[in-house]
Amino acid sequence: MVNIESTSNAIWWIKNPNAGKVGKAVGDGRKASLGSSFYLDMVELLRNISLQGYNKLVAPELTLLERLIWLALHMTTFLTMLAVLLLTWEQFIAQYFVINLKDPLYPVENVPFPAVSICPNNRLSLQSVTNYALELQSNDPAFRQLDYYVQQLKYLSKLYLAGNFNADVEEYFSFQSFLDVFGTWNNETFFNTRRIMKLLSPKCEDYILKCSLSNIDIPCFSATAFQESLTKYGPCCTFNTQNRLKNRDFKNRFANSAQGLTVVVNASHDDYFAPILNTNGYIVIVHDANNFPAISSSNSLEMFPGQREESFLKIFPRVIDTDKSLHSFSPAGRRCFFHTETDMPGWKKYVYTFPNCITRCRIRSIIALCNCLPFQMPLELVDSLEGVVYCTLHHVSCLSQYQFKWNNVLTERERIPGLEREVEEALYCPHCLPSCNDVQYRVSMSMLPIDSYLATLKPSENNDTDLSSDISVLRVYFGEPYAQLYIRLLNNQWFEIFSTIGNILSIFMGFSLVAIFEVSFYVLKYIYIGCYRIVERNRANNHAKLFDASKLHIYP
């Protein structure tokens with residue numbers, strides 16, 4: 001006969017080989033105590049549990065010393081496992097957000113084409129300044145020479161270069177006082193700096209001569225092409241202001257110089273009056289169509305193509321997306337804002353983006369410190385227009401004083417030895433967080449002589465005086481047919497935490513789901529037995545009280 005009790009290793013709750021012995025050990029007709037049942041079940045659990053090595057604690061063939069050695073080993077392993085779990089507990093409960101590369105070959109036709117702002121280095125047109133000088137001369141009772149008004153109007157270029165403030169402040173104030181009286185229209189309470197600067201700026205029609213998109217000539221000035229808009233450099237001509245090229249197909253990838261945007265720019269200096277940069281070319285700003293183009297607000301890129309050159313401006317986009325499950329987290333927790341979470345004052349034109357938030361923060365600081373609004377800034381980002389006037393030459397000294405503050409922005413403050421003053425004087429915008437869904441652009445530019453472009457023109461175009469004199473050519477296109485798509489997601493997903501804890505438990509104790517079920521069954525069994533005995537005891541006590549109350553008591 002085979003001894004089943006010594007050879008079987010069936011799971012302990014399915015087979016109870018000592019069930020017959022329990023009754024005999026306790027005695028026929030008597031109920032086993034809870035302590036003895038617990039002891040026998042504990043021995044049976046250790047003997048048949050799926051965890052490795054625990055059966056050594058109750059193995060009859062081992063001596064007491066060997067069992068104690070095994071007990072010390074298991075206790076050491078258990079305490080070490082608890083220490084490791086405690087050390088990694090912070091990582092388990094922390095919500096880490098990471099940005100991972102999701103698709104390195106994201107089709108570029110799915111990426112919004114950026115807005116392209118072209119600004120002449122000359123910010124005041126000689127012809128426009130002369131016409132306005134004639135108007136001032138006719139309004140001035142003193143009737144000075146025309147050259148006087150022309151030279152005085154050059155001071156208005158200081159509104160672009162507030163940081164280059166010099167000592168002739170009395171002349172600024174004197175000429176601005178003159179403009180406050182004779183430079184305003186009848187329906188204006190204050191001198192309208194924005195109207196005058198738009199009037200004096202070069203017109204888009206004067207320096208943008210020809211446009212083509214996808215190698216097809218298009219009208220340069222329309223809702224789908226160039227429109228006048230405000231930038232850091234004042235009124236400029238911006239392509240794709242309404243983000244019409246956000247949704248495109250494979251044919252409109254704009255992935256090479258011939259298929260992108262081509263603009264012929266008038267590079268003549270005949271109308272120059274007040275250049276603001278030390279360059280003979282023009283200014284190109286590449287930015288998101290939803291952002292106000294300001295370099296100091298991030299995510300806008302400046303390039304300076306030269307005169308009489310064909311410039312190739314390659315764009316390399318990087319798309320950042322956010323997992324939809326992160327909507328349930330607070331913006332401070334995930335460190336970003338969705339476009340729908342923060343309302344901008346001019347939501348019809350601007351949506352929430354990090355650059356727009358920084359620009360809005362800068363506008364608040366300028367209004368608070370200098371009591372005016374620079375004419376370049378968009379009104380849509382101003383909280384309240386009540387009592388706000390455009391900055392004039394009277395405000396140049398104040399604008400120059402805080403120029404460092406507005407050019408240096410912090411969203412978090414951290415003490416860095418040696419930079420305490422810079423941190424204190426910088427513009428602090430803690431409420432501005434990055435956009436959860438964003439497109440970031442990187443650009444590179446190369447140039448060729450304009451002769452290579454002129455050689456490709458047709459005879460009819462080559463005879464055109466506008467295209468054969470001082471011109472520059474700008475080509476804007478995607479440098480590659482693919483972009484990189486990144487996604488922001490939660491680092492510690494539930495399955496990652498489950499896997500980490502499971503690995504630690506399996507390494508130290510060989511834990512598995514079967515072992516968890518075995519221990520849980522054992523614990524729940526005695527919880528049930530304990531609760532059942534409490535209920536039975538209460539029921540017996542209640543029954544005894546009722547029986548005692550029903551007894552007949554005879555008193556002498």
Side-chain angles (χ1 to χ4, degrees), residues 118-186 188-207 228 230-237 266-283 304 307 370 372-377 389-401 403 470:
I118 301 178
C119 308
N121 184 28
N122 175 42
R123 298 315 302 152
L124 298 178
S125 169
L126 178 60
Q127 183 62 41
S128 300
V129 168
T130 303
N131 294 335
Y132 187 57
L134 290 173
E135 180 181 340
L136 294 178
Q137 185 184 39
S138 62
N139 295 336
D140 186 8
F143 198 78
R144 301 179 179 89
Q145 294 294 327
L146 182 63
D147 290 342
Y148 168 80
Y149 302 100
V150 172
Q151 293 303 319
Q152 292 291 310
L153 286 173
K154 185 173 290 187
Y155 288 142
L156 293 178
S157 63
K158 297 299 180 181
L159 295 174
Y160 292 102
L161 304 171
N164 295 340
F165 176 72
N166 49 33
D168 52 355
V169 60
E170 294 297 333
E171 296 184 15
Y172 296 164
F173 286 0
S174 176
F175 181 63
Q176 185 59 54
S177 300
F178 171 80
L179 292 176
D180 291 339
V181 178
F182 301 105
T184 59
W185 287 359
N186 296 330
E188 293 177 344
T189 305
F190 301 97
F191 179 74
N192 193 336
T193 310
R194 175 173 289 189
R195 177 180 65 84
I196 297 302
M197 297 307 288
K198 282 187 175 181
L199 179 67
L200 301 183
S201 298
K203 303 298 182 291
C204 293
E205 294 80 0
D206 295 336
Y207 63 88
E228 185 180 80
L230 291 175
T231 68
K232 169 190 174 182
Y233 297 101
C236 295
C237 295
N266 181 10
S268 175
H269 289 183
D270 295 340
D271 198 40
Y272 262 45
F273 180 73
I276 59 175
L277 299 179
N278 188 20
T279 178
N280 62 353
Y282 53 98
I283 307 166
F304 305 95
Q307 185 186 23
C370 294
C372 69
L373 175 68
F375 75 94
Q376 305 100 317
M377 297 296 181
V389 299
Y390 292 118
C391 297
T392 63
L393 295 177
H394 288 308
H395 303 94
V396 170
S397 58
C398 180
L399 296 175
S400 177
Q401 180 180 357
Q403 200 65 31
D470 295 334

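Every heavy atom of this structure was used, including side-chain atoms; hydrogens, water molecules and symmetry mates were not. From a predicted model like this one, the values you see are computed outputs, not experimental measurements. One is the number of the first residue; the rest follow in order along the sequence.
Side chains of D271 and S125: a donor-acceptor N/O pair is present below 3.5 angstrom, by distance only. Side chain to side chain, D270 and S268 meet the donor-acceptor criterion of an N or O pair below 3.5 Å. Judged by distance alone, the side chains of D147 and Q151 never bring a donor and an acceptor atom under 3.5 Å apart.
Cys pair C119 and C236 passes the test of SG atoms under 2.5 Å apart. Taken as a pair, C372 and C398 fail the criterion of an SG-SG distance shorter than 2.5 angstrom.
Here the closest non-hydrogen pair linking T279 and N121 is O-ND2, 2.8 Å. The two residues Q307 and A267 come nearest to each other via the heavy atoms NE2-O, 2.7 Å.
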Notebook entry, point to check: What do the steps show when you test F178 against F191 for ring pair (Phe, Tyr, Trp, His ring centres under 6.0 Å), and what is the final call?
Noted result: CA-CA 10 Å; F178 171 80; F191 179 74; over 10 Å; no
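By the neighbour-count criterion of 12 heavy atoms within 6.0 Å, atom OH of Y148 is densely surrounded, having more than that number from other residues, nucleotides or ligands.
Judged by the 6.0 Å and 45° rule, K158 forms no cation-pi pair with Y172.
If you look at F175 and Y149, their ring centroids are not closer than 6.0 Å. The aromatic ring centroids of H394 and F173 lie less than 6.0 Å from each other.
One distance of note links CG of L153 with CD1 of I196; it measures 9.0 Å at 0.5 Å rounding. Taken from CG in L156 to CZ in F273, the straight-line distance is 9.0 Å, to the nearest 0.5 Å. One distance of note links CG of N131 with CG of L126; it measures 9.5 Å at 0.5 Å rounding. Going from atom CG of L136 over to atom CZ of F182 covers 10.0 Å, rounded to the nearest 0.5 Å. Distance CG/D180 to CZ/F190: 9.5 Å, rounded to 0.5 Å.
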